[in-house]
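To start, the structure under review is shown below, and the notes come after it.
To find a chain, count down the sequence lines: A is the first, B the second, and so on, and within it residues start at 1.
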Amino acid sequence: MADTVRVRIAPSPTGTLHIGNVRAGLFNWLFARRMGGVFILRIDDTDAARSKPEYEENIKASFRWLGMDWDEGPDIGGPFGPYRQSERMDRYLTAAERLLAEGKAFRCWCTAEELEASRQAAARRKEAPRYDGRCLNLTDADRAKFESEGRKAAIRFRLPEGPPVIVDDLIRGRVEMPRGMLDHFIIVRSDGKPVYNFCTALDEADHRITHVIRGDDHLSNTPKQMLVMEALGITPPRYAHLPQILGIDKARLSKRHGAQGVLELRDEGFLPEAVLNFLALLGWSYDDKTELFTPAELKASFSLDRVGKAPAVFDETKLLWMNGQYIRNGPAERIEADLRARIAAAHGALPAAGDAAYVGRVIALLRESLKTLGEIGPLSEFFFRDEVVWEDEAKARLAGWPRAAEILAAVTGIVKDTSPFTPEALEAAFRAKAESMGLKFKELVHPARFATTGRVAGPSLFHALEVLGRDRCLARLASAAKLPPA
RNA sequence: GUCCCCAUCGACUAACGGUCAGGUCAUCACCCUUUCAAGGUGGUAAUGCGGGUUCGACUCCCGCUGGGGACACCA
């Protein structure tokens with residue numbers, strides 16, 4: 001069969017899109033692109049109570065930011081739409097009616113209380129909580145009685161007898177699921193709303209999905225979906241169940257660690273390429289050495305048979321490293337534009353931030369040392385404020401520095417007289433002055449840094465001085481000289 | 001409780017049944033150096049346990065332990 005590969009990501013809009021969904025989406029997208037297939041975005045919003053339009057927007061914005069383009073979806077349509085479960089209700093209900101008519105499903109009038117009582121009884125006997133099938137063989141009189149009491153029926157799938165359900169998983173291999181674990185499960189609630197496992201089975205079929213690639217928390221749902229398809233005469237897709245992503249504490253990903261929304265990663269200053277690269281390597285590997293992949297390389301080299309089975313821990317430290325790599329070696333214009341925006345947001349009110357050329361020089365100086373774009377704000381602050389904002393440690397070290405006053409005076413002289421005002425000339429002047437004062441080079445440099453930046457660490461001092469400019473440096477040296485000594 | 005899945009350095013992972021168990025992040029040391037990063041060099045560090053099968057097991061089989069998931073009128 002040379003059928004076109006069709007895969008999908010089907011998040012439910014009940015929260016912001018988090019890392020686990022993104023990784024599942026990524027693997028689907030990569031697989032589709034690699035196979036020349038179709039990537040579909042579907043919105044699983046059968047849970048009307050918790051679903052919200054803004055979350056759907058968040059999902060789309062997240063994928064867009066990452067460059068994961070979909071070929072069919074709720075916003076762009078496609079030949080097999082609609083792609084939102086809430087718009088497919090009549091489809092689900094029609095299928096349920098058909099199963100009912102064929103005796104493959106039945107109505108159940110049990111109340112929540114009755115079911116709960118039955119479950120508790122089972123728990124007391126230390127048995128699995130199962131539906132006892134009591135509504136399977138009701139008489140017409142029973143049904144009429146329930147209806148007259150105003151009870152509403154749910155629709156249950158009639159679980160057929162048979163051998164274990166086989167999931168021939170592309171990642172796990174052959175998995176056998178005994179039917180004993182399954183129930184006559186609900187497919188339509190008593191309020192008329194169809195249930196996820198039922199909808200999903202129909203969606204895969206209607207959207208002509210060929211490969212369902214999803215988290216392995218769905219592995220045990222798979223038999224239900226396959227049984228529904230079987231009852232409807234549908235050939236099931238291939239399945240590939242991905243290992244889970246765990247938090248740093250090895251627990252399931254949740255708020256706190258990596259489960260924040262992807263857009264938050266963007267806001268913190270992670271580059272989409274870095275996030276994509278990092279996520280791709282969570283559960284997949286190309287070989288025994290390659291770590292850095294551009295999106296194009298990922299699309300060209302991804303394959304399901306190199307996806308592992310063991311769950312992976314989301315290690316933000318490595319993401320940080322990778323992001324640093326992309327900031328240093330990535331697309332310069334885009335990164336600079338982003339950094340300009342962040343500087344404007346952080347220091348826009350300050351006059352120096354309005355000087356585009358000056359901002360460009362600041363960025364050139366700091367970009368190399370960033371791990372996230374967001375760090376530019378605090379790191380660049382001293383370039384924009386008129387008055388130095390002192391770090392406690394810088395102030396303390398300057399105050400305790402031997403011959404501090406003398407050194408500051410000497411540095412002031414250098415800054416005043418050096419021409420041209422370049423890093424090279426400044427460094428030469430510093431070296432000469434250190435020599436003549438009988439000081440080590442660094443004994444002159446450190447106090448100069450404290451006084452002109454208010455910090456103990458930062459970019460190359462002479463480059464920083466050049467960017468700051470002679471006047472700012474002189475003003476700062478003058479005010480540093482007035483600080484009380486230790 | 002029942003069923004299903006999983007198990008290599010702290011983390012991500014590589015290894016046709018035969019490698020000295022390799023790479024990356026982190027960590028440590030050293031180098032570079034005006035500080036912090038970056039960069040360079042080197043080091044520490046793993047096959048959960050117990051049985052098999054085999055000339056030979058990280059790799060295949062069984063058990064145990066540990067972790068995760070499912071058993072809903074959630075998705």
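The main-chain N or O of A:E393 is never found under 3.5 Å from a side-chain atom of A:R397 such that the two would form a donor-acceptor pair. In terms of modelled atom types and a separation under 3.5 Å, the side chain of A:T200 and the main chain of A:N197 share no donor-acceptor contact.
Within 4.0 Å (heavy atoms only), A:L281 reaches sugar-phosphate atoms of the nucleic acid but no base atom. Within 4.0 Å of A:G215, counting heavy atoms only, lies no atom of the nucleic acid at all.
No hydrogens or angles were tested; on distance alone, a donor-acceptor pair under 3.5 Å links the side chain of A:E291 to the base of B:G23. Checked by distance alone, A:S190 brings a side-chain donor or acceptor within 3.5 Å of a matching partner on the base of B:C73. On a pure distance criterion of 3.5 Å, no polar donor-acceptor pair joins the side chain of A:K442 and the base of B:U35.
A sub-4.0 Å separation between OP1 or OP2 of B:A15 and a side-chain N or O of A:R306 is present. A close approach under 4.0 Å does not occur between any side-chain nitrogen or oxygen of A:S460 and OP1 or OP2 of B:U34.
Atom P of B:G63 sits at a distance of 12 Å from the matching atom of B:C3, rounded to the whole Å. A distance of about 15 Å separates the P atoms of B:U41 and B:C32, rounded to the whole Å. The gap from the P atom of B:C49 to that of B:C9 amounts to 11 Å, rounded to the nearest Å. Using atom C1' as the reference point in both B:A21 and B:U59, the two lie 12 Å apart (nearest Å).
Among B:A70, B:C4, B:C6, the nucleotide with an atom closest to any side-chain atom of A:M181 is B:A70.
A donor-acceptor pair shorter than 3.5 Å cannot be found between the side chains of A:T46 and A:R84.
Within a 6.0 Å sphere centred on CZ of A:R385, other residues, nucleotides and ligands contribute 12 heavy atoms or fewer.
Comparing A:P178 and A:R50 along RNA chain B, the residue whose closest nucleotide (by nearest heavy atom) sits nearer the 5' end is A:P178.
Aromatic rings from A:F27 and A:W284 are positioned such that their centres are separated by 6.0 Å or more.
Computed from coordinates, the A:D315 CG to B:U13 P distance equals 11 Å when rounded to whole Å.
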